[in-house]
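All values below come from the heavy atoms of this structure, side chains included, with hydrogens, waters and symmetry mates left out. Small disclaimer: the values here were computed from a predicted structure and weren't measured. Sequence lines set the chain letters: A, B, ... in the order given, protein chains first and strands last, and positions in each chain run from 1.
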Protein chains: 2
Amino acid sequence: METGATILDLNQLRRSCGLCALNELCLPAGIGRPDLERLDTIVHHKRTLDRGKALFRQGDTFHALFVVRSGSLKTFVENPAGDVQVLGFHLPGEIVGIDALANDHHLCDAEALERTSICELPYAQLQQVVREVPSLHGQLMRVVSREMVAEQRHLAMMGNQQAQERLAIFLQSLADRYGRLSRDPSTLNLPMSRYDIANYLGLVVETVSRLFSRMEAAGILAVNRKTVRILRPDLLTALCDSSGRSLRSREAG
Amino acid sequence: METGATILDLNQLRRSCGLCALNELCLPAGIGRPDLERLDTIVHHKRTLDRGKALFRQGDTFHALFVVRSGSLKTFVENPAGDVQVLGFHLPGEIVGIDALANDHHLCDAEALERTSICELPYAQLQQVVREVPSLHGQLMRVVSREMVAEQRHLAMMGNQQAQERLAIFLQSLADRYGRLSRDPSTLNLPMSRYDIANYLGLVVETVSRLFSRMEAAGILAVNRKTVRILRPDLLTALCDSSGRSLRSREAG
DNA sequence: CGGGACATTGAGTGGCATCAAGGCGTGTGG
DNA sequence: CCACACGCCTTGATGCCACTCAATGTCCCG
């Protein structure tokens, strides 16, 4: 009995937000010690998803927000005609499920791209904690806002950039996020398929494939299936805003 | 003195959220009477913007959220290279400024498309009210979530649809929002320029112009400068998902 | 070792951007 | 009040980038 309790406590401890390496990237960022412990009481750390498994589906009733703990997710919408749009790829520390707050139903699907573990924040309980810990409200709004900004960047890319710039921006952004996770930002492991990448960028898979080849030929990347090494970060950055292209209503007036 | 006070009270009353026609579309939706009065104490109803004037600019320090009371706004981002992306058009009852919560600075510009009046919600005070009125937290999250969903739809359109479908979807969505505002959804007044529309849709202005002409020739619309009448809503709806087109990585695998 | 999904590469085409010119409305100054 | 000028919008001709179709290559898993 006693031993059992100890093990449980250890697990509890190891899995607490306070000890999580993602702490500063995640919802708890900037939350004080006692408040953190209160938040910890409601977080479920259990869920693990195999590659291809859904965390939730469009239409599911909303009951919790989720944070990626390890692994990665993609979120996407599918309209009645069957068109898919990948909305984003989610790395550790990033939150998903916010779109469901508006009407208590998820409006997109979330699927694991690899074996992925998830922290679950039951929303009813989260709201209760928000009442007790006011600073959590501000933090939650900040996290939501961060998601919106990411979507806006995605949108700006789709509206203005050529195919090659899109892929460059995508890789750059992934490298940045790798850096924040203290991974090597020059060696990217792409857990998603070429189809996913293409769809996310508003392109077809053949175009993405050709661009990888072209960038490899240019000495910018070393591409090996799902592993991409960035050999010339400077050239990659240059591609992100290479302005020798169309003006697609730059001056909206 | 007494008269002055009375007039002031009347103005106060007329301008209160409780009496505002937008009540049910806006932040206060679903908030009870006493809580509403508390919210009212912090809302500034004063600002009016002339066409082309900025509500805020990219980089401005964040201090308040805003709700359109009458008129309309556009929000857009501009990158260092000068590329503009229109993120959205905002009709009465819709909130802007959420993107700034993440880092205390606005990340997009907001400009009036016509003479527009604005309710201002100073954020520091709003947070205080949220502490006193817990249901406001949920409502605020719902409003934010609604904005995210709109962005996701925008994204899905940019990623999957052809030019003609984009314009059809745009007009349809505008008509829907007109309906919710109890305006005639078959007679649209487009306060934004063709450039703005084109940019929002990820097209060039010539393409938009041609599409208007084509839809008019097809008897779907009657286009007269900024006024567009929808003659055949059924055909417009059909255009929104006319599936006789490419598959742009429909099946993201 | 074989099958199937995923990825790459090539040839051809089409939709939308680009370039260019002209019409329309609006606002401004004489 | 009219005339001019400017910006906005429309229409036409041309070209290019990315999509489409097709075939082959590669990896993974049974």
Self-check item: Nucleotide nearest B:R194 (side chain, heavy atoms from C-beta), chosen from D:dT10, C:dT9, D:dT11
Solution: D:dT10
Quiz prompt | Separation of atom CG in A:L211 from atom C1' in D:dC19, rounded to whole Å | solution = 13 Å
Quiz item: Where the side chain of A:Q162 is concerned, which of C:dC16, D:dC19, D:dC17 is the nearest nucleotide?
Solution: D:dC17
Quiz item: Is B:S186 reaching over with its side chain to a backbone N or O of B:I230, donor-acceptor style, under 3.5 angstrom?
Solution: no
Quiz item: For the atom pair CG (B:L73) and CD1 (B:I118), what is the distance rounded to the nearest 0.5 Å?
Solution: 4.5 Å
Quiz item: Counting only side-chain N and O atoms of B:S209, is one of them less than 4.0 Å from OP1 or OP2 of D:dC9?
Solution: no
Practice problem: Can you tell me the distance, in whole Å, between the CG atom of B:N199 and the P atom of D:dC8? | Solution: 14 Å
Quiz item: Would you say the base of C:dC19 and the side-chain of B:E206 have a donor-acceptor pair closer than 3.5 Å?
Solution: yes
Quiz item: Which comes earlier along DNA chain D counting from the 5' end, the contact point of A:Q164 or that of B:V208, where each point is its nearest nucleotide?
Solution: B:V208
Quiz item: Parallel, tilted or perpendicular: which fits the ring planes of B:F62 and B:H106, with parallel below 30° and perpendicular above 60°?
Solution: perpendicular
Quiz item: When only distance counts, do a donor and an acceptor, one from the side chain of B:R210 and one from the base of D:dG12, lie under 3.5 Å apart?
Solution: yes
Quiz prompt | Within 6.0 Å of CZ in A:R229, more than 12 heavy atoms from elsewhere | solution = no
Self-check item: Spacing of A:L22 atom CG and A:L91 atom CG [to the nearest 0.5 Å]
Solution: 10.5 Å
Quiz item: Rounded to the Å, how far apart are A:E216 CD and C:dA7 C1'?
Solution: 13 Å
Quiz item: Measuring from B:M148:CE to B:E151:CD, what's the distance to the nearest 0.5 Å?
Solution: 7.0 Å
Exercise. Starting from P on D:dC29, measure out to CG on A:D50 and report it in whole angstrom.
Key: 13 Å
Exercise. Provide, to the nearest angstrom, the distance between the CD atom belonging to A:Q161 and the P atom belonging to C:dA17.
Key: 14 Å
Anything under 3.5 Å between a donor and an acceptor, one on a side chain of residues 210-226 of chain B, the other on a protein residue two or more places apart or in another chain? List them.
residue, atom, partner, partner atom, Å
B:S213, OG, B:S209, O, 3.1
B:R214, NH1, B:Q164, OE1, 2.5
B:E216, OE2, B:V223, N, 3.0
B:K226, NZ, B:M192, O, 3.3

Exercise. Take the protein atom CD of B:E165 and the nucleotide atom P of C:dG15, then report the distance between them rounded to whole Å.
Key: 12 Å
Quiz prompt | Proximity to DNA chain D (any heavy atom under 4.0 Å), residues of residues 221-229 of chain A only | solution = A:R225
Practice problem: Specify the separation, in whole Å, of atom CZ of A:F212 and atom P of D:dT26. | Solution: 18 Å
Exercise. Consider the side chain of A:T207, meaning its heavy atoms from C-beta on, and name the nucleotide among D:dC19, C:dT8, C:dC16 that approaches it most closely.
Key: D:dC19
Quiz item: Over how many whole Å does the gap from B:R214 atom CZ to D:dG12 atom P extend?
Solution: 13 Å
